[in-house]
Amino acid sequence: MKNKIIIFNPKSANGKHRIPNSILQVGGSIHGKHEYVFVDGNLEKDPWQTINTYFKTGEFKYFCSTVMPGPQLKQAIPYTKKIKTLYPKTITIWGGYFPSNQYRVCLNSGYVNYIVNGPGDNTFPHLIEALEQNNLDEIPKIKNLIYQDNNGTNHKTPVEALINQDDLAKFPYQYLNSLYPVNNYLAKTFMGQKTLSYHSSMGCPFSCSFCAVVPIYNAKWKGMSANRIYEDVKYFKDNYNIDAIEFHDNNFFTSKKRVLEFSKLILNDNLSFWGEGRIDTINKYSDDDLKLMRKAGCKMIFLGAETGNDEVLKQMNKGGTQSGQMIKDFVLRMKKADIIPELSFVLGMPAKTEEQVYKQILWDINFIKEIKTINPDAEIIIYLYSPVPTEGSELYQQILDAGFSFPETLEEWIDPSWESFDLRKNPLTPWLKPYMIDTIKNFETVLNGYYPTVSDFRIRGYKKTVLKGISKLRYNSGFYKYPYEIKVLHKIWKYRQPEIEGFYSE
């Protein structure tokens, strides 16, 4: 028994898959100290067979899985349960947003032993060492850990301060390549022929009450330096000839200094990049800053607009200075800078009355159309509000008062309706009535017909012309009911919505 470790990335979507940064970071924390293997559910035809084959050798003791809400639960939950049944001495460790935010249901399942709550760069190796040395008295001293004792009492250890990101261990890209060719992760997207997925920072300095990141990072943020990011980018440029980067940070643009330094470093490398940011943060960048970013290859920025309604923004505890007017002014600035703003809107927030909920939905639909008038190239992402609020917040109390509750067992979480909930496409919230959901979804269909996303690069030429043509009357007149003709074309052409499966890629 060599007590080896399996680090598992459950399947997250169909199509070309991004490099699994979450498990690479975990692997990096123990590389050279403990024997481990990666199993990527996105690239395995039968992940369970691969996992079971490893366990049958008798050499593996630890099953560790990153677990995000949504599709990953469909493998993480049954696989972990089956491992505990077949190999009861296995120690199971979960990390990711889902177990950190839903730790009670995970620990009460009986088959999740430990949860890494947030970054595990120190937590994970310290936990493995304590378990290997049978030094169980050390476990309560390990930060960023959630576990259940023999009496069934849950324990959350103190949160560790975010580590200087330049001090993190290098990701074991070469080791990953020995198991799964890295080239398989470099997708052709609307940005380039070989697109790298990269994560350069941890956390977010804001505390929006609807965000799953908030309870984990408590409004803290730390990022790698521009030089450290560029080292990795240069590695992939030299070894794999990448020409585009997706930055999947929660807030890539937090530090203007870092962004501008990085832009200068890649200025002559012929790269495109995409990242996530906040409108009120990037609005502080000057026009010259935006021009530099665009020249360096910044093609699109994902931005949480959430709503154009200032009262609802307050309800969300969005923080900062964002307002409806700022959103309108900002998309015009982005148009002049030739950077596509990809704006996400969250419709269906709770309100005091049913009438008020619906009124807010209609208000935002009209606001979205106004944004499209100002900047037709602005991408619009529409989500139905799915409660993931911070416990103790005013919004959390509102959803409890409205009768909402999460599943009480892990098995319930993999019910198809809850998977749709996690993708923010099925709210399961008592204040959102069927006619409201129909209104939102029908408008979204018409909007995606009249303005197909640029990220699905198959929808161009005559396809785009046909879609726009059949959607024009509906969009301009505001008649969104029963848009079956648009749905049929979306189905025939397999239209891909980036909010569900990311950018279309090959």
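Residue numbers run from 1 in the order of the sequence given.
By the ring-ring contact (aromatic ring centres under 6.0 Å, His included) test, Phe252 is found to be paired with Phe247, residues two or more places apart in sequence or in another chain being considered. Under the side chain to side chain donor-acceptor pair (under 3.5 Å) criterion, Trp363 pairs with no residue at all, not counting sequence neighbours. The side-chain contact (heavy atoms from CB on, under 4.5 Å) search around Ser255 returns Trp221, Lys257, Arg258, not counting sequence neighbours. With sequence neighbours excluded, the residues that form a salt bridge (charged side-chain N to carboxylate O under 4.0 Å, His left out) with Arg474 are Glu485.
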Distance-only criterion, 3.5 Å: show the donor-acceptor pairs between side-chain atoms of residues 463-471 and protein atoms not counting sequence neighbours.
residue, atom, partner, partner atom, Å
Thr465, OG1, Gly461, O, 3.1
Lys468, NZ, Tyr450, O, 3.1
Ser471, OG, Leu467, O, 2.7

Give the C-alpha distance, both sets of side-chain angles, the deciding distance and a yes or no for salt bridge (charged side-chain N to carboxylate O under 4.0 Å, His left out) between Asp269 and Lys237.
CA-CA 8 Å; Asp269 285 323; Lys237 178 76 174 173; 5.9 Å; no

Should Asp287 and Arg333 be marked as a salt bridge (charged side-chain N to carboxylate O under 4.0 Å, His left out) after you check the CA-CA gap, both sets of side-chain angles, and the distance that decides it?
CA-CA 8 Å; Asp287 290 343; Arg333 287 191 69 204; 2.8 Å; yes

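Nearest approach of Met300 to Val454, heavy atoms of both residues: CE-CG1, 3.7 Å.
Between Asp364 and Val346, the closest side-chain pair of non-hydrogen atoms is not below 4.5 Å.
Because its NZ or CZ atom is not both nearer than 6.0 Å to the ring centre of Tyr54 and within 45° of the ring axis, Lys4 does not count as a cation-pi partner of that residue.
Side-chain rings of Phe38 and Tyr180 stay apart, their centers remaining 6.0 Å or farther from each other.
Residue pairs satisfying the side chain to side chain donor-acceptor pair (under 3.5 Å) criterion with at least one member in residues 164-178, sequence neighbours excluded, are listed as follows: Asp166-Ser225, Lys170-Glu231, Lys170-Asp232.
For the residue pair Asn250 / Tyr217, no side-chain donor-acceptor distance below 3.5 Å is found, with atom types taken as modelled.
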